[in-house]
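Have a look at the structure below before the remarks.
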Amino acid sequence: MRNLVVTGGAGFIGSNFVRHVIENTDDHVTVLDKLTYAGNRASLEGLSGSRVDLVEGDIADAEVVDALVSEADAIVHFAAESHNDNSLHDPRPFLDTNIIGTYTLLEAARRHGTRFHHISTDEVYGDLELDDPQRFTESTPYNPSSPYSSTKAGSDLLVRAWVRSFGVPATISNCSNNYGPYQHVEKFIPRQITNVIRGIRPKLYGTGENVRDWIHAEDHSSAVLAILDGGAIGETYLIGADGEKDNKSVVELILDLMGQPSDAYDHVVDRAGHDLRYAIDSSKLRSELGWAPKFQDFEAGLADTVRWYRDNESWWAGSKDGVEAFYSAKGQ
Ligand code: NAD
Ligand code: TDX
């Protein structure tokens with residue numbers, strides 16, 4: 001039984017990970033979360049009690065961080081400002097949390113010799129052409145496009161430096177686009193599902209030819225646990241489930257699953273600097289740690305996700321109007 005500190009555990013992937021840990025290990029979890037607009041206590045409902053504690057605090061607050069890390073066997077670091085569109089509007093919080101926050105955690109891990117797993121994204125590698133036969137691997141050069149992805153790239157490089165220079169026992173994972181329950185309605189899939197529920201037409205940026213490599217958040221969680229348990233210190237692992245889909249096909253599938261005509265969506269203003277395609281080669285994780293995804297059927301996983309948003313309107317209703325106002329002011 002370990003005591004895990006999970007940063008960002010009240011967010012989308014973090015809360016799915018906490019649930020996965022509780023169901024699959026004997027570990028105790030202390031969530032450290034600032035409860036920004038993206039964090040939600042309700043995402044941890046049913047998990048409190050003897051196995052999970054929630055501490056409301058900032059990962060950039062050295063005092064709070066040190067007190068928790070001094071008691072921890074391992075840190076799993078999900079907390080971040082995570083939305084590209086927000087980073088184009090106001091980059092500053094991305095520097096504060098993704099760079100200074102990660103630095104603050106690394107310094108605590110260094111002082112206490114604590115195992116550290118850093119959660120990152122495939123966006124650090126930039127984008128691929130639609131017809132490029134290569135996918136991202138652990139040796140693809142970094143080439144981030146947005147304020148979000150550049151701060152994630154910076155945080156990855158800090159982790160690598162703290163491993164090499166200070167011997168912090170850390171691993172890194174870079175995962176592709178996640179879907180599933182508890183994802184904020186600002187993100188692509190929940191935005192379109194909740195639009196349809198509200199009678200608003202889905203909004204596709206630009207032509208919709210952009211490709212994302214989708215993985216269910218439950219599969220991301222099982223991969224992170226596998227790396228925490230068996231990953232080699234200093235190594236990076238790419239996490240992906242061979243789920244490439246263009247955005248237009250995803251919108252059409254959502255409309256279809258929700259009983260609407262598949263062309264009942266609008267093309268809107270494109271995202272500045274919009275990455276064209278992400279694609280992950282996760283052979284290293286699969287061959288070295290024996291990991292495999294369970295959600296191979298994207299349509300079935302998406303149907304479950306649609307059902308979750310229909311059944312949990314009270315979880316997202318409070319954020320929906322503000323998010324749509326933010327987008328419509330930009331013609332999106
Ligand atoms: P999210 O925005 O849903 O959740 C982020 C959580 O971090 C929230 O609970 C928020 O309150 C918390 N947080 C933000 N700033 C904080 C701070 N300063 N101190 C403490 N807590 C803070 O994000 P997500 O989509 O769950 O992403 C989680 C991690 O996974 C991020 O590091 C992200 O870069 C990475 N990632 C996400 C995806 C994806 O598809 N969503 C894919 C690959 C990697
Ligand atoms: O309304 C929309 N219409 C649309 O066409 C929105 C919100 C997005 N899009 C497009 C932009 C992207 O091509 O859909 C795609 C997915 O968009 P997001 O959900 O914003 O995700 P993305 O920018 O790909 O980044 C996500 O995956 C990598 C996460 O938000 C990041 O945290 C993660 O690192």
Side-chain angles (χ1 to χ4, degrees), residues 6-17 31-41 43-44 54-61 64-65 76-88 93-94 96-98 100-102 104-105 118-124 127 144-146 148-149 151-152 155-156 173-180 182-192 195 202-215 217 220 224 238-240 245-248 250-251 265-271 273-278 280 323-324 326-327 332:
V6 176
T7 72
F12 164 45
I13 308 172
S15 64
N16 277 283
F17 177 75
V31 169
L32 172 60
D33 199 296
K34 192 178 172 184
L35 298 177
T36 67
Y37 80 95
N40 192 338
R41 278 179 196 279
S43 303
L44 293 168
L54 170 61
V55 174
E56 186 175 347
D58 190 333
I59 57 165
D61 180 336
V64 170
V65 164
V76 187
H77 175 34
F78 289 91
E81 285 293 336
S82 69
H83 193 35
N84 277 300
D85 292 318
N86 291 346
S87 82
L88 296 164
F94 291 74
D96 292 337
T97 290
N98 302 357
I100 301 298
T102 301
T104 307
L105 290 164
H118 178 63
I119 307 295
S120 193
T121 169
D122 58 0
E123 297 191 20
V124 300
D127 59 357
S145 311
S146 73
Y148 163 68
S149 53
T151 57
K152 290 300 291 187
S155 68
D156 293 10
S173 54
N174 297 79
C175 188
S176 60
N177 283 62
N178 285 221
Y179 74 100
Y182 300 102
Q183 187 168 28
H184 196 275
V185 292
E186 69 189 356
K187 302 295 192 326
F188 178 53
I189 287 179
R191 183 182 184 206
Q192 314 314 337
N195 274 356
K203 308 290 183 230
L204 196 57
Y205 292 173
T207 60
E209 66 183 335
N210 308 65
V211 170
R212 296 295 181 265
D213 189 354
W214 293 99
I215 181 173
H220 188 180
V224 169
L238 263 55
I239 305 173
K245 302 261 177 303
D246 65 71
N247 293 342
K248 184 167 170 288
V250 174
V251 164
Y265 62 84
D266 296 328
H267 288 277
V268 294
V269 174
D270 206 356
R271 173 184 285 169
H274 195 176
D275 281 340
L276 186 54
R277 172 174 166 239
Y278 306 136
I280 289 259
V323 164
E324 288 311 310
F326 169 75
Y327 282 126
Q332 293 179 321

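Order of appearance sets the numbers: ligands from 1, and atoms from 1 within every ligand.
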For ligand 2, indicate whether the residue Arg191 contacts it via side chain, backbone, both or neither (heavy-atom separation under 4.0 Å).
side chain
Heavy-atom contacts under 4.0 Å between His83 and ligand 2: side chain, backbone, both, or neither?
side chain
So which protein heavy atom does [atom] come closest to, and at what separation?
{"atom": "atom 21 (O) of ligand 2", "result": "Asn177 ND2, 3.5 Å"}
{"atom": "atom 5 (O) of ligand 2", "result": "Tyr205 N, 2.8 Å"}
{"atom": "atom 15 (C) of ligand 2", "result": "Asn247 ND2, 3.6 Å"}
{"atom": "atom 23 (O) of ligand 2", "result": "Arg271 NH1, 2.6 Å"}
{"atom": "atom 25 (O) of ligand 2", "result": "Glu123 OE2, 2.7 Å"}
{"atom": "atom 34 (O) of ligand 2", "result": "Tyr148 OH, 2.5 Å"}
{"atom": "atom 3 (N) of ligand 2", "result": "Lys203 O, 2.8 Å"}

Under 3.5 Å between some N or O of ligand 2 and some N or O of Ser82?
yes
Can the ring centroids of His184 and Tyr37 be said to lie less than 6.0 angstrom from one another?
yes
Using modelled atom types only, decide if a donor and an acceptor are shared between the side chain of Lys34 and the backbone of Gly39 within a distance under 3.5 Å.
no
Using a strict cut-off of under 4.0 Å between a residue heavy atom and any atom of ligand 1, list the qualifying protein residues by chain and number.
Gly8, Ala10, Gly11, Phe12, Ile13, Asp33, Lys34, Leu35, Thr36, Ala38, Gly39, Gly57, Asp58, Ile59, Phe78, Ala79, Ala80, Ser82, Thr97, Ile119, Ser120, Thr121, Tyr148, Lys152, Cys175, Ser176, Asn177, Asn178
Could you tell me which non-hydrogen atom of Thr207 sits nearest to which non-hydrogen atom of Lys248, and how far apart they are?
O-CD, 4.2 Å
Glu186 to Ser82 - nearest heavy-atom pair and separation:
OE2-OG, 4.4 Å
We want to know whether Ser176 and Asp122 form a side-chain donor-acceptor pair, criterion being a heavy-atom distance below 3.5 angstrom.
no
Distance-only polar pair, side chains of Thr121 and Asn174, donor-acceptor under 3.5 Å
no
Decide yes or no for His274 and Asn210: does some side-chain heavy atom of the first lie under 4.5 Å from some side-chain heavy atom of the second?
yes
Out of Lys187, His274, Arg277, who is nearest to atom 13 (O) of ligand 2 when you count heavy atoms only?
His274
Option of least heavy-atom distance to atom 14 (O) of ligand 2 (set: Phe188, Tyr327, Tyr278):
Phe188
CG on Asp33 to CD1 on Ile59, rounded to 0.5 Å:
9.5 Å
Should the pair Phe94 and Tyr148 be assigned to parallel (<30°), tilted (30 to 60°) or perpendicular (>60°) ring geometry?
perpendicular
With under 30° as parallel and over 60° as perpendicular, where do the rings of Trp214 and Phe188 fit, or are they tilted in between?
parallel
Proximity flag Gln192 to ligand 2, non-hydrogen atoms under 4.0 Å
yes
Answer yes or no for Glu186: is there a heavy-atom contact with ligand 2 below 4.0 Å?
yes
May I ask you to decide whether Glu324 forms a salt bridge with Arg191, counting only side-chain N to carboxylate O separations under 4.0 Å?
yes
Between Lys203 and Asp266, does any side-chain N to carboxylate O distance fall below 4.0 Å?
yes
Can you list the residues that meet the salt bridge (Lys or Arg N to Asp or Glu O under 4.0 Å) rule with Asp61, with sequence neighbours excluded?
none
Atoms of ligand 2, numbered as shown, that sit under 4.0 Å from any heavy atom of Thr121
28 (C), 33 (C), 34 (O)
Which ligand 2 atoms, with their elements, are less than 4.0 angstrom from a heavy-atom of Leu204?
5 (O)
Are Arg212 and Tyr278 in a cation-pi setup, meaning NZ or CZ lies under 6.0 angstrom from the ring centre and within 45 degrees of the ring axis?
yes
